[in-house]
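The chain is numbered in sequence order, starting from 1.
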Amino acid sequence: MVTSYRRLLSHSGVPYLLVVALTVKLSTPVLSLALLLAALEPLGSYTAAGFVLTGHALALAMSAPLGGRLVDRHGRRRVLTVYLAAHVVSYGLLLMAHQAGSAAMIGAAVLLGATTPPVTAVVRGLWPEIVPPDAVQAAYSLLIG
């Protein structure tokens, strides 16, 4: 097993793609903590901050399959460009909603979750392009494990 991972890491582009995949996997929990702390101060309650986090998580979970399908249908570059633009606008709205109250923060968090770029789907789709067919299974197991 170690040999197959060593062989996988020897292909050009694989270490970079692993760094991107790891960063994406870590970004969601970090963002959740940041949302909790950002919502707790102006809203003053863990309950209201919890609704902000719940809205974000539900929107992210419901929109992730759609993002993957859009990448498959329209291509990585095009879809990521649109998602990134929408995500930047969502962050701006979240900053403006910070002082507007719980309903505005929940709405902005939902929009932020719904516009999260489908980077995981893109990374998964890139593996067959950068590694030989016999190493694809090792690449997928490295990401999941």
Side-chain angles (χ1 to χ4, degrees), residues 1 4-5 8-9 11-145:
M1 178 183 259
S4 62
Y5 289 149
L8 176 67
L9 289 171
H11 296 286
S12 70
V14 169
Y16 175 74
L17 195 56
L18 283 175
V19 168
V20 169
L22 180 62
T23 303
V24 168
K25 282 188 177 238
L26 291 175
S27 67
T28 302
V30 170
L31 178 60
S32 293
L33 177 60
L35 276 174
L36 174 68
L37 295 174
L40 189 57
E41 180 193 342
L43 302 180
S45 95
Y46 281 100
T47 303
F51 282 122
V52 170
L53 290 177
T54 301
H56 176 263
L58 287 174
L60 179 61
M62 291 172 55
S63 66
L66 174 65
R69 286 188 181 136
L70 288 172
V71 167
D72 290 342
R73 183 168 292 157
H74 300 289
R76 293 183 292 264
R77 185 175 305 268
R78 185 184 208 181
V79 172
L80 285 178
T81 301
V82 171
Y83 264 87
L84 186 59
H87 205 56
V88 167
V89 169
S90 299
Y91 269 111
L93 291 173
L94 183 65
L95 289 172
M96 290 189 302
H98 190 260
Q99 299 301 325
S102 60
M105 280 199 76
I106 292 169
V110 166
L111 189 59
L112 187 68
T115 61
T116 299
V119 179
T120 303
V122 170
V123 168
R124 226 177 251 131
L126 281 171
W127 283 118
E129 294 180 23
I130 66 170
V131 298
D134 63 327
V136 171
Q137 186 61 39
Y140 288 143
S141 67
L142 185 63
L143 283 179
I144 294 170

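Taking the side chain as every heavy atom from C-beta outward, Leu31 and Leu112 approach each other to under 4.5 Å. Counting heavy atoms from C-beta on, the side chains of Val79 and Pro118 come closer than 4.5 Å. Using a 4.5 Å heavy-atom threshold, the side chains of Val110 and Leu58 count as separate. Considering only heavy atoms from C-beta on, Phe51 stays 4.5 Å or farther from Leu43 through its side chain. Residues Arg78 and Thr81 have side chains not in contact (no heavy-atom distance under 4.5 Å, counting atoms from C-beta outward). Looking only at side-chain heavy atoms (C-beta outward), Val82 and His74 stay at 4.5 Å or farther from each other.
Here Leu33 contributes atom CG and Leu37 contributes atom CG; the two are 4.5 Å apart, rounded to the nearest 0.5 Å. From Tyr46, atom OH reaches atom CG of Leu53 across 11.5 Å, with rounding to the nearest 0.5 Å. Taken from CD in Gln99 to CE in Met105, the straight-line distance is 8.5 Å, to the nearest 0.5 Å. Rounding to the nearest 0.5 Å places CZ of Arg73 at 9.5 Å from CG of Leu66. Between the CG atom in Leu126 and the CD atom in Glu129 there is a gap of 5.5 Å [rounded to 0.5 Å]. The line from CD1 of Ile106 to CG of Leu94 is 11.5 Å long, rounded to the nearest 0.5 Å.
For the pair Ala114 and Ala59, the tightest heavy-atom approach, listed with the atom from each and the gap, is N-CB, 3.7 Å. Nearest approach of Val19 to Thr23, heavy atoms of both residues: O-OG1, 2.8 Å. Across all their heavy atoms, Ala61 and Pro65 have their closest contact at O-CD, 3.4 Å. In terms of heavy-atom proximity, Gly68 sits nearest to Ala121 at CA-CB, 3.8 Å. When every heavy atom of Leu36 is checked against every heavy atom of Ala49, the shortest pair comes out as CD1-CB, 3.8 Å.
His87 contributes no side-chain N or O that, together with a main-chain N or O of Pro117, makes up a donor-acceptor pair within less than 3.5 Å.
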